[in-house]
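The sequence lines fix the lettering, A, B, ..., with proteins before strands; numbering per chain opens at 1. Everything numeric in this text was worked out from a predicted model, so none of it was measured.
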Amino acid sequence: MARFLITSALPYINGIKHLGNLAGSMLPADVHARFRRLQGHEVLFLCATDEHGTPAELAAAEAGQDVRAYCDEQHLIQRAACDGFRLSFDHFGRSSNAPNHALTQHFCEKLEAAGLIEERTSKQVYSVDDGRFLPDRYVEGTCPHCAFERARGDQCDNCGRLLDPTELKNPRSKISGSTNLEVRDTAHLFLLQGKMQERIRAWVDASTEWPHLARSIAYKWLDEGLIDRAITRDLSWGVKVTQEGRPRPGFENKVFYVWFDAPIEYIAAGAEWAEATGGNWERWWRTDKGANDVTYVQFMGKDNVAFHTVSFPVTIMGSGEPWKLVDRLKAFNWVTWYGGKFSTSEKRGIFMDRALELLPSDYWRWYLMANAPESSDAAFTLEQFQQTVNADLANVFGNFVNRITRFGASKFDAKVPDGGAPGDLEAKLAKDVAERITALTRHHEDMEFRKAAAELRALWVLGNEYLQVAAPWTAFKTDVDYAAVGVRTGLNLVALFAILAQPFVPDAAKTVLDALNIPEASRSWPKAGDTGLLDTLPRGHAFTPPDVLFKKIEDADVAAWTEMFGGG
RNA sequence: GGUGGCGUAGCUCAGUUGGUUAGAGCGUGGGAUUCAUAACCCCAAGGUCGGUGGUUCAAUUCCACCCGCCACCA
């Protein structure tokens with residue numbers, strides 16, 4: 001038994017996430033967490049909403065809400081959607097909660113003590129009417145190079161040139177449209193990442209288990225040289241800046257930059273979990289307090305790799321304290337909607353809450369993992385979704401469960417039949433099943449989700465192939481004992497298939513295992529070398545054929561959804 | 001613009017440390033079956049492995065350049 005700390009990239013607070021966000025971090029993290037638990041390992045699976053930053057403030061303003069109230073509401077919405085998708089977080093926290101404030105301040109003070117923080121003054125655009133400093137991209141104006149009238153303060157979308165907001169002609173606030181702007185001096189804390197360059201490089205050198213892509217991204221950043229980075233902003237919503245536990249002089253109206261405090265929430269979510277459950281979070285996060293044997297696995301989208309391999313490690317390692325660093329990481333590409341981007345504003349694509357209104361979570365979970373965007377972006381289309389789900393879940397798995405439990409119920413009184421003895425056919429099946437379970441287990445351990453799903457499907461097919469040949473419905477007429485072997489083996493396969501399906505389709509698996517009256521203690525992952533998997537159910541063990549597991553998606557459904565979501 | 005990833009059957013993707021007939025699922029066509037959600041099972045057709053050059057006895061697999069898509073950085 002080992003210990004696994006698993007985190008998913010934190011969903012940002014400004015609105016419910018779409019299926020692409022789900023497929024790229026939260027869902028695979030959940031599948032992996034479930035798999036490790038089933039193997040008997042100890043797992044702490046953490047996630048949280050990332051709530052600070054200007055986009056949250058603007059979204060709140062647009063909704064006509066106070067930012068705190070907005071985040072409270074959005075957090076609950078996202079949490080409900082995560083529950084609906086059966087994401088089995090041990091804790092789903094909030095970066096705006098107290099533990100993260102305390103830890104963020106703690107890290108900053110430790111970094112300062114280590115000589116990695118410097119206060120610098122810079123010039124920034126201040127909007128008098130908005131009563132606030134404006135982030136670069138919230139200043140709009142005319143490009144000094146190409147005269148494009150809607151250039152952003154950081155870059156001109158027309159000519160592509162990088163800009164400084166003070167260069168813009170006729171600058172205005174993107175927030176209010178006000179032109180009453182001034183350039184003012186403002187002080188900020190800078191994290192001296194450059195000083196950590198060699199320590200980070202040595203750590204990346206040693207991180208040989210990372211995917212090639214992750215290491216090359218990290219090396220690219222290191223090769224270009226780490227840049228000292230401002231970690232505070234002139235905002236009110238966020239973590240206050242402190243010094244020796246008190247408000248830092250001159251920083252009373254500033255907060256930490258969201259990119260600094262957000263990853264710290266991974267740790268703080270552990271502290272929140274401890275508060276809620278009485279658990280010991282430091283045992284998971286501090287190598288001096290029991291976390292030495294923990295394997296830390298992170299799931300994220302490809303855009304986030306640099307922050308997880310370089311920026312956040314600078315914070316953690318720079319503190320000089322023995323915090324747990326990532327051991328294994330899994331990065332995903334994007335799921336696209338008919339080859340294009342999901343878009344909230346244009347109502348393109350399906351979002352988590354809407355998806356659950358259409359179909360149970362298992363349908364989405366299966367499709368998104370069987371087609372996970374592992375090697376490149378993966379296109380989501382309703383047609384492909386319909387075909388995959390109908391074929392894999394309804395026809396191959398669901399129908400297998402249905403055909404054998406119904407036959408067993410009608411001919412053998414809904415009890416696991418006695419009589420007969422397994423022969424060559426069953427021996428061959430046992431061998432094939434064992435080989436595929438070995439492969440399936442390896443793919444889960446390697447976090448190869450597409451391959452794991454394909455392997456699981458292949459196992460289900462083995463069951464159908466077996467029944468086709470054993471044909472207990474034919475044997476029943478002439479050789480009841482042989483029919484009994486077929487039914488008994490088939491029922492054991494049902495239980496086994498459901499056990500193996502739990503990480504991907506937990507609800508359906510539970511329905512099947514409940515229908516077969518399989519005790520909770522007997523639902524764990526098979527171990528290498530387990531034998532007799534096809535004859536574990538006691539003779540006479542009663543079961544109830546479950547209702548149809550997966551209803552098929554009809555063409556009319558697809559047509560209606562296409563209309564609804566603007567597909568194609 | 002720089003860096004990295006990707007481009008393989010109608011669709012979604014494996015794979016090839018260079019080597020006889022390039023794989024899977026879906027979709028399509030045919031067959032078998034009736035326990036089952038008109039499901040399952042078997043068989044078949046389908047690809048000049050993005051393009052152009054190069055290295056090699058041999059390249060889809062290595063190299064160069066080009067085209068297209070994606071991401072990050074500037």
Side-chain angles (χ1 to χ4, degrees), chain A residues 20 24 154-155 159-163 211-227 300-311 331-336 338-341 366-368 370-412 443 448-458 460-477 483 486-487 490-491 494 545-554:
Chain A
D154 54 343
Q155 182 171 24
C159 68
R161 277 192 236 219
L162 294 181
L163 302 172
H212 179 258
L213 177 65
R215 298 185 86 200
S216 51
I217 289 174
Y219 279 128
K220 180 178 174 277
W221 275 46
L222 290 166
D223 291 345
E224 288 177 354
L226 298 184
I227 296 163
M300 70 201 74
K302 57 183 168 182
D303 57 325
N304 262 333
V305 171
F307 293 99
H308 288 79
T309 58
V310 178
S311 305
F332 288 84
N333 292 278
W334 309 130
V335 174
T336 58
Y338 289 87
K341 288 186 177 178
W366 175 258
Y367 181 82
L368 293 173
N371 297 282
E374 290 181 303
S375 58
S376 61
D377 291 354
F380 181 99
T381 69
L382 289 167
E383 292 76 10
Q384 186 82 17
F385 173 65
Q386 174 194 28
Q387 287 171 1
T388 300
V389 161
N390 286 353
D392 296 353
L393 296 182
N395 297 348
V396 177
F397 180 42
N399 182 53
F400 175 74
V401 172
N402 196 40
R403 66 195 295 205
I404 192 62
T405 54
R406 284 189 182 279
F407 184 73
S410 70
K411 303 297 186 196
F412 291 94
H443 291 142
E448 294 270 11
F449 295 94
R450 273 177 184 266
K451 289 178 182 173
E455 203 63 45
L456 179 57
R457 192 200 125 88
W460 295 337
V461 169
L462 279 184
N464 281 310
E465 285 172 358
Y466 169 76
L467 281 190
Q468 203 67 23
V469 179
W473 44 90
T474 305
F476 189 76
K477 297 166 187 164
V487 171
L491 291 169
V494 169
D547 291 335
V548 166
L549 271 188
F550 298 100
K551 193 169 158 291
K552 288 192 196 183
I553 299 171
E554 304 296 334

Checklist outcome for this item: Sorted by chain and residue number, the side-chain contact (heavy atoms from CB on, under 4.5 Å) partners of A:Ala331 (sequence neighbours excluded) come out as A:Met300, A:Val305
Tabulate atom names and distances for all N/O pairs under 3.5 angstrom spanning the protein and nucleotides 25-28 of chain B.
unit_1	atom_1	unit_2	atom_2	d
B:G25	O3'	A:Arg457	NH2	2.9
B:C26	O2'	A:Gln387	OE1	2.8

Checklist entry - Given that A:Phe397 and A:Leu462 both sit by RNA chain B, which one's nearest nucleotide is further toward the 5' end? => result A:Phe397
Checklist entry - Considering only heavy atoms from C-beta outward, does the side chain of A:Trp334 approach that of A:Asp303 to under 4.5 Å? => result yes
Next on the checklist: I'd like the P distance from B:C13 over to B:U56, given in whole Å.
Outcome noted: 37 Å
Checklist entry - Taking the side chain of A:Trp221 as its heavy atoms from C-beta onward, which of B:U34, B:G15, B:C73 lies nearest to it? => result B:C73
Checklist entry - Which listed nucleotide (B:U37, B:A36, B:C35) is nearest to the side chain of A:Asn399? => result B:A36
Checklist outcome for this item: With B for base contact, S for sugar-phosphate-only contact and - for none (protein heavy atoms under 4.0 Å), nucleotides 2-8 of chain B reads BSSSS--
Item to check | Pairwise C1' distance, B:C11 and B:G47 [rounded to whole Å] | outcome: 14 Å
Item to check | Those residues that, when tested against A:Gln387, pass side-chain contact (heavy atoms from CB on, under 4.5 Å) (two or more places apart) | outcome: A:Gln384
Item to check | Which nucleotide in B:C72, B:A39, B:C35 has an atom nearest any side-chain atom of A:Asp303 | outcome: B:C72
Checklist entry - In chain order, what residues pass the side-chain hydrogen bond (donor to acceptor under 3.5 Å, both in side chains) check against A:Trp366, with sequence neighbours excluded? => result A:Asp392
Atom pairs and distances, side-chain donor-acceptor, residues 465-477 of chain A, under 3.5 Å, sequence neighbours left out:
unit_1	atom_1	unit_2	atom_2	d
A:Tyr466	OH	A:Glu426	OE2	2.5
A:Gln468	OE1	A:Arg403	NH2	3.4

Checklist entry - Whole Å only: how far is the CD1 atom of A:Ile553 from the C1' atom of B:A39? => result 16 Å
Checklist entry - Looking only at N and O atoms, is any donor in the side chain of A:Asn402 or the base of B:A36 less than 3.5 Å from an acceptor on the other one? => result no
Checklist entry - Looking at residues at least two apart in the chain, or sitting in another chain, which of them share a side-chain hydrogen bond (donor to acceptor under 3.5 Å, both in side chains) with A:Gln386? => result A:Asp555
Checklist entry - When you compare B:G46 with B:G25, how far apart are their C1' atoms, in angstrom units rounded to a whole number? => result 15 Å
Next on the checklist: What's the gap between B:G23 and B:A45 when it is taken at their P atoms, as a whole Å value?
Outcome noted: 12 Å
Checklist entry - A:Glu554: what forms a side-chain hydrogen bond (donor to acceptor under 3.5 Å, both in side chains) with it, not counting sequence neighbours? => result none
Item to check | ring pair (Phe, Tyr, Trp, His ring centres under 6.0 Å) against A:Phe550, all qualifying residues, sequence neighbours excluded | outcome: A:Tyr363
Checklist entry - Can you tell me how far P in B:G19 sits from the matching atom in B:C63, rounded to whole Å? => result 15 Å
Item to check | Main-chain N/O of A:His443 paired with A:Glu455 side-chain donor or acceptor, under 3.5 Å | outcome: no
Next on the checklist: Quick check against the 3.5 Å criterion: does A:Asn464 have a side-chain atom that pairs as donor or acceptor with the backbone of A:Val396?
Outcome noted: yes
Item to check | Nearest-neighbour nucleotide for the A:Asn371 side chain, B:U12, B:U34, B:C41 considered | outcome: B:U12
Checklist entry - Does A:Ser410 use its side chain to pair, donor to acceptor, with the backbone of A:Phe407 at less than 3.5 Å? => result yes
Next on the checklist: So, does A:Lys451 get its side chain near the phosphate of B:A14, meaning an N or O under 4.0 Å from OP1 or OP2?
Outcome noted: no
Item to check | A:Arg450 side-chain proximity, nearest of B:C13, B:C41, B:C40 | outcome: B:C13
Checklist entry - Could you write out RNA chain B as a dot-bracket string, with dots for unpaired bases, | for bases paired across to another strand, and Watson-Crick or G-U pairs counted at under 3.5 Å? => result (((((((..((((.....[...)))).((((.........)))).....(((((..]....)))))))))))).
Item to check | Chi class for B:G53: syn within 90° of 0, otherwise anti | outcome: anti
Checklist entry - How far does the C1' atom of B:G50 sit from the matching atom of B:C67, given to the nearest Å? => result 8 Å
Checklist entry - Roughly how far apart, to the nearest Å, are B:U61 and B:C49 at atom C1'? => result 9 Å
Checklist entry - Does A:Lys302 have any side-chain hydrogen bond (donor to acceptor under 3.5 Å, both in side chains) partners at least two apart in sequence or in another chain, and if so, which? => result A:Asn333, A:Asp377
Item to check | Residue mapping more 5' on RNA chain B - nearest nucleotide basis, A:Leu393 or A:Ala306 | outcome: A:Leu393
